[in-house]
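To start, the structure under review is shown below, and the notes come after it.
Start at 1 with the first residue, then count along the sequence.
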Amino acid sequence: MGQLADLHHVGIVTPRDRHFEVVEALARSLGASLEDEVEDDPLDVTATWIQVSPSLRFEVVSPRSDRTTPITTFLTRTGGGLHHVSLATTQIGACKELAAAGGARIIGENDDHGGWAEFFIDPSQTGGALLHWMQPVRD
């Protein structure tokens with residue numbers, strides 16, 4: 001799959017009261033810079049992007065409320081930590097076909113979530129981490 005996708009970012013989920021502590025610790029320990037902070041309304045989260053190198057980012061994600069979402073469910077179950085590994089591609093259809101042909105269970109997909117087409121593989125098949133493929137949506 002190396003020709004179809006590259007590592008884009010690693011997502012870490014943390015409770016909202018620890019969000020900025022985790023962001024600062026990662027930035028300091030990795031010599032990274034803060035790239036962006038966004039509010040994702042559909043997921044009801046705050047996400048802070050930390051740029052480590054041109055080819056690696058961390059995304060620290062925290063719920064904005066106690067509303068039941070995939071993020072609050074993950075926090076309740078695990079207390080937080082590694083949540084997803086995201087792969088960037090320009091051939092999302094081919095990636096999805098390859099994953100499905102290999103027996104992967106696709107548990108979600110979106111044609112445009114914040115400018116990205118995406119799909120996810122069931123974490124029960126990947127040792128607990130959500131694998132996420134993403135491709136920029138072209139206008």
Side-chain angles (χ1 to χ4, degrees):
M1 177 120 24
Q3 295 174 359
L4 291 177
D6 294 308
L7 180 64
H8 185 272
H9 71 272
V10 175
I12 297 172
V13 170
T14 187
R16 75 177 154 263
D17 63 341
R18 294 204 57 228
H19 185 94
F20 293 106
E21 173 190 340
V22 171
V23 167
E24 289 176 7
L26 281 169
R28 264 194 327 272
S29 63
L30 296 171
S33 61
L34 298 182
E35 182 179 28
D36 198 8
E37 183 172 290
V38 298
E39 300 290 322
D40 185 319
D41 292 331
L43 291 177
D44 193 29
V45 298
T46 298
T48 303
W49 292 86
I50 303 165
Q51 183 82 42
V52 178
S53 71
S55 62
L56 178 60
R57 292 171 190 83
F58 280 87
E59 177 189 29
V60 178
V61 179
S62 299
R64 296 187 308 193
S65 73
D66 294 329
R67 189 178 98 205
T68 301
T69 67
I71 298 302
T72 57
T73 301
F74 177 81
L75 274 172
T76 298
R77 190 177 75 248
T78 67
L82 174 65
H83 180 260
H84 62 274
V85 176
S86 294
L87 304 168
T89 184
T90 59
Q91 301 176 59
I92 199 160
C95 291
K96 186 177 172 189
E97 287 174 18
L98 182 63
R105 212 168 22 259
I106 308 299
I107 61 165
E109 58 187 297
N110 196 322
D111 291 333
D112 188 349
H113 178 215
W116 296 89
E118 60 188 359
F119 75 91
F120 305 87
I121 290 182
D122 187 340
S124 70
Q125 292 184 299
T126 61
L130 186 65
L131 292 184
H132 170 228
W133 277 260
M134 53 194 286
Q135 177 177 326
V137 175
R138 296 193 188 353
D139 295 325

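Here the closest heavy-atom approach between residue Leu43 and residue Arg67 is recorded as C-NH2, 4.4 Å. Closest approach of Ala27 to Ile50, counting heavy atoms only: CA-CG2, 4.3 Å. Residues Ile121 and Trp133 come closest through the heavy atom pair CD1-CZ3, 3.3 Å. Considering all non-hydrogen atoms of both residues, Leu87 and Ala5 come closest at CB-CB, 3.9 Å. Closest approach of Glu59 and Ala47 over heavy atoms only: OE2-CB, 3.5 Å.
Here the two rings, on His83 and Phe74, have centers that are under 6.0 Å apart.
At a threshold of 4.5 Å between non-hydrogen side-chain atoms, the residues Leu130 and Ile107 count as touching. By the 4.5 Å heavy-atom criterion applied to side chains, Val13 and Leu75 are counted as neighbours. For the pair Leu131 and Phe120, the minimum side-chain heavy-atom distance is 4.5 Å or more. Counting heavy atoms from C-beta on, the side chains of Ile12 and Val61 never come closer than 4.5 Å. Here the side chains of His9 and Glu35 are not in contact, with every heavy-atom distance at 4.5 Å or above.
Of the N and O atoms on the side chains of Ser65 and Asp44, at least one donor lies less than 3.5 Å from an acceptor on the other residue. Remark: the Ser33 side chain and the Gln51 side chain contain no N/O donor-acceptor pair separated by less than 3.5 Å.
Checked for salt-bridge contact, Arg64 and Asp41 meet the test: a charged N lies under 4.0 Å from a carboxylate O.
Trp116 and Val45 are members of different hydrophobic clusters when ILVMFWY side chains are connected at heavy-atom separations under 4.5 Å. Under the 4.5 Å side-chain heavy-atom criterion for Ile, Leu, Val, Met, Phe, Trp and Tyr, Val85 and Val22 are members of the same hydrophobic cluster. Phe20 and Leu34 are not part of a single hydrophobic cluster, where members link through side-chain heavy atoms under 4.5 Å apart. Put simply, Phe58 and Leu7 are part of the same group of oily side chains (I, L, V, M, F, W, Y) that touch within less than 4.5 Å, one to the next.
Atom OG1 of Thr90 and atom CG of Asp6 lie 9.0 Å apart (nearest 0.5 Å). How far CG of Leu26 is from CZ of Arg57: 15.0 Å, rounded to the nearest 0.5 Å. Remark: Glu97 CD to Leu4 CG distance equals 10.0 Å, nearest 0.5 Å.
Hydrophobic side-chain contacts under 4.5 Å tie Trp49 into a cluster, directly or through other members, with Val38.
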Quick one: do His113 and Met134 satisfy side-chain contact (heavy atoms from CB on, under 4.5 Å)? Show the steps, please. CA-CA 10 Å; His113 178 215; Met134 53 194 286; over 6 Å; no

Pair Gln135-Thr89, side-chain hydrogen bond (donor to acceptor under 3.5 Å, both in side chains): steps then yes or no: CA-CA 5 Å; Gln135 177 177 326; Thr89 184; 5.1 Å; no

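Pairs of residues two or more places apart, or lying in two chains, that qualify as side chain to side chain donor-acceptor pair (under 3.5 Å) and include a residue from residues 10-26 are Arg16-Asp66, Arg18-Glu21, His19-Thr48, His19-Ser62.
Judged purely by atom type and a 3.5 angstrom limit, Ser86 has no side-chain atom pairing as donor or acceptor with the backbone of His8. Using modelled atom types, no side-chain atom of Glu118 and backbone atom of His132 make a donor-acceptor pair closer than 3.5 Å.
For Asp112, the salt bridge (charged side-chain N to carboxylate O under 4.0 Å, His left out) criterion is met by no residue, not counting sequence neighbours.
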